[in-house]
Amino acid sequence: MLPMVQSVCLASSLPNHYHTHLSPKLKRSFDAKNNVQIPTSETLYNFNSPFELKQVVAFLIKTNKPLSLLPLPRVASVCALTPNFSFAQQIFNCIEQPEVSVWNSCLRNLAEGNCVTNAIFLFHQMRIYNVVPDIFTCSFVLKACVKLLDLSCGKIVHAYIEKLGFQSNLVLLNALLHLYATCGAMADSMLLFDKMPQRDVVSWNIMITQLAKKGDIDEAFELFSQMPERNLRSWTAMITGFVHCGKAKEAVRLFKEMEESGLSANEVTVVAVLAACADLGALELGRRIHEYSNKSGFKRNVHVCNTLIDMYIKCGFLEAAKAVFEEMKERTIVSWSAMIQGLAMHGQADEALELFNNMIKTGMKPNEVTFLGVLHACSHMGLVNEGREFFASMTRDYNITPQIEHYGCMVDLLSRAGLLKEAYEFIVSMPIKPNGVIWGSFLGGCRIQKDVEMAEEAMRHLGILDPLNDGYYIIMSNIYAEAKRWEDAARVRKLMKDRGVKKTPGWSSITIAGVMHEFVAGDDNHPQAEEIFEIWDKLLEQMRFKGYVPNTSVVLLDMEENEKEKYLYRHSEKLALVFGLMNTKPGETIRIMKNLRVCEDCHAAFKVISEIVKREIVVRDRNRFHCFKDGLCSCKDYW
DNA sequence: AAGCGGCTCC
């Protein structure tokens, strides 16, 4: 109960009219309670401003009720967030309660909510009110600092931790590790980690996660190997890190090791492993994880479902992706975008655009990524007018500023459709400085249109923007070769050599009975190489009969024509295909993955072969899927 | 009353 003196004191600090003139809202709520003397909790929580708070206090004093009935965290937030309103101090002075805990719970709510800056503000107010932070205060503020990437406030908290003697508190030290690392001060974080008198599994997990996020995967793995004990989060952090750094194979290897150690994956682990499966095209593992997810009740998890969709799409199983999408009770923009992008990758532009329209009908708002998918769909199928319209609609209808990637899609769309001049105008009038990808798309269009001069213009820019990318030299050299300008082609190859640019080795892979077999061009080390070449020769006879003519212009090397042919016949995707034909049942679909884009000659060859062997051949290249069937490809030769 | 995670893409 409030001592009378204090009560009078507080009451006298209020203007008189607060006692009698309640706001209509409060008056209603009090009137509703009629003559009930004790305000209900609902009534007491019913204030959002200093003004209303004063009225509630006035009510309590007037009805002779203790101020301790006030919800103190709410008092703290209403008071502390309003500058120059020191009412809180007076109220706290009247109540026997450790003040800091009240502030803390308010701080915690703010740090975990949507107005995180208010947490920082509240923390500063606390210091003005001379409230000494405790361990929990520090922990909550650090959480807010991490969310806001506010290192300067974080350093103030760090100073408090030192000053108040909390520096051996492991939870706070871990929070500091996290803070420095996420704010880009990895070196400071590492220093702190190194001098920690003791660490727990969380400390290690933080460092592993952050190093991997930064791309320092080797150091992350070093720590992972050193740490004294690992929990599920440690494994998950490392697996996610590998996936993030493009080391999907290592991710899968580690996942299997984790399973052997007796730990079971949770939703986050599942997402990481599925992403690895998507990268590798590892359908069998992906399916197993899908079943496991269903059994474990992860089906309701949106992240898991979104990643499943992506996995099935990248493994070439559009139908399975659709099924997951259909079954989802709640879909986020990511689900829709993944599905649209997937349909685009498979060349099903109409369906992709239809899905986009359905999405709009449900009231879902598209984002940048959604439009990338939509524009991809248009460019893969040469829908120029639709693409232009979608690009315009981004800013006009959805207030989304196109990024360099969207400009890239447009350049790709225009130049591949043969509108090189428009594409060029588009590039030079872009509000963003064009990068290598933009000129690279343009160059790709020049190749299809066989426009040497425009290609040379693109190369001038690429020589500055991305001089070490082998792909551009190869395309340029091919353009010259196709124009029979052999000397120029040789000059480009020499330029490439002089600049020390190395050709990315092409590889293709195929999975037979769960084992992935990889082939590189000219591969004669494979145990079944002899047999592969033999079968190829037989196949070639039938192919020639069907009208196949080798397209040796794609071969860069200086050699005799028949040598070039031989070289052509050892392309990695052809080796993988023949190996697949040898090791699967008749009629079974063959699935091949390639790290680069499928070559033109292989594309022509696969069409003919699909007819001869009466099989479906699905090839996932760097850009998209090609599904060869009955002598045709799903890309309709537009790629 | 506290500290460590996940998805769509170029």
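Each chain gets a letter, A, B and so on, in the order the sequences are listed, and its residues count up from 1.
A:H290 is linked by a side-chain contact (heavy atoms from CB on, under 4.5 Å) to A:N294, A:L308, A:Y312, A:V324, counting only residues two or more places apart in sequence or in another chain. Scored by the salt bridge (charged side-chain N to carboxylate O under 4.0 Å, His left out) test, A:E389 finds A:R396 as partners (sequence neighbours excluded). With sequence neighbours excluded, the residues forming a ring-ring contact (aromatic ring centres under 6.0 Å, His included) with A:H158 are A:Y180, listed by chain and number. For the side-chain hydrogen bond (donor to acceptor under 3.5 Å, both in side chains) test, residues two or more places apart in sequence or in another chain that qualify with A:T370 are A:S337, A:N367. Judged as a side-chain hydrogen bond (donor to acceptor under 3.5 Å, both in side chains), and not counting sequence neighbours, A:N358 has no contacts.
Comparing B:dA1, B:dG6, B:dC10 by their closest approach to the side chain of A:R108 singles out B:dA1. The side chain of A:S101 lies closest to B:dA1 when the candidates are B:dA1, B:dG5, B:dT8.
The cationic group of A:R288 does not satisfy the cation-pi geometry with A:Y292, failing either the under 6.0 Å distance to the six-membered ring centre or the 45° limit from the ring axis.
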Using a 3.5 Å cut-off and no angle test, enumerate the donor-acceptor pairs between side-chain atoms of residues 398-407 of chain A and protein atoms at least two apart in sequence or in another chain.
from	atom 1	to	atom 2	distance (Å)
A:H406	ND1	A:Q403	N	2.9
A:H406	NE2	A:E368	O	2.8

Side chains of residues 275-287 of chain A: which donor-acceptor partners sit under 3.5 Å, not counting sequence neighbours?
from	atom 1	to	atom 2	distance (Å)
A:E284	OE2	A:G514	N	3.3

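Around the CD atom of A:Q226, the shell of radius 6.0 Å holds more than 12 heavy atoms that belong to other residues, nucleotides or ligands.
Not one side-chain nitrogen or oxygen of A:H406 sits closer than 4.0 Å to the OP1 or OP2 atom of B:dC10. Taking 4.0 angstrom as the limit, A:K143 places none of its side-chain polar atoms (N or O) nearer than this to OP1 or OP2 of B:dA1.
Counting distance only, with no hydrogens placed and no angle test, the side-chain atoms of A:N169 and the base atoms of B:dA2 include a donor-acceptor pair under 3.5 Å.
A heavy atom lying under 4.0 Å from DNA chain B marks the following residues of residues 336-368 of chain A, by number: A:S337, A:Q341. A heavy atom closer than 4.0 Å to some atom of DNA chain B occurs in A:R233, A:T236, these being the qualifying members of residues 216-254 of chain A. For the segment residues 203-215 of chain A, residues with any heavy atom less than 4.0 angstrom from an atom of DNA chain B are, sorted by number, A:N205, A:I206, A:T209, A:Q210, A:K213. DNA chain B lies under 4.0 Å from at least one heavy atom of each of the following residues of residues 290-313 of chain A: A:N301, A:H303, A:V304, A:N306, A:T307, A:D310.
Listed by first and then second residue, the side chain to side chain donor-acceptor pair (under 3.5 Å) pairs involving residues 344-353 of chain A are A:K322-A:E351 (not counting sequence neighbours).
In this pair, A:F224 and A:F221 present their aromatic rings parallel. The plane angle is below 30°, not in the 30 to 60° band.
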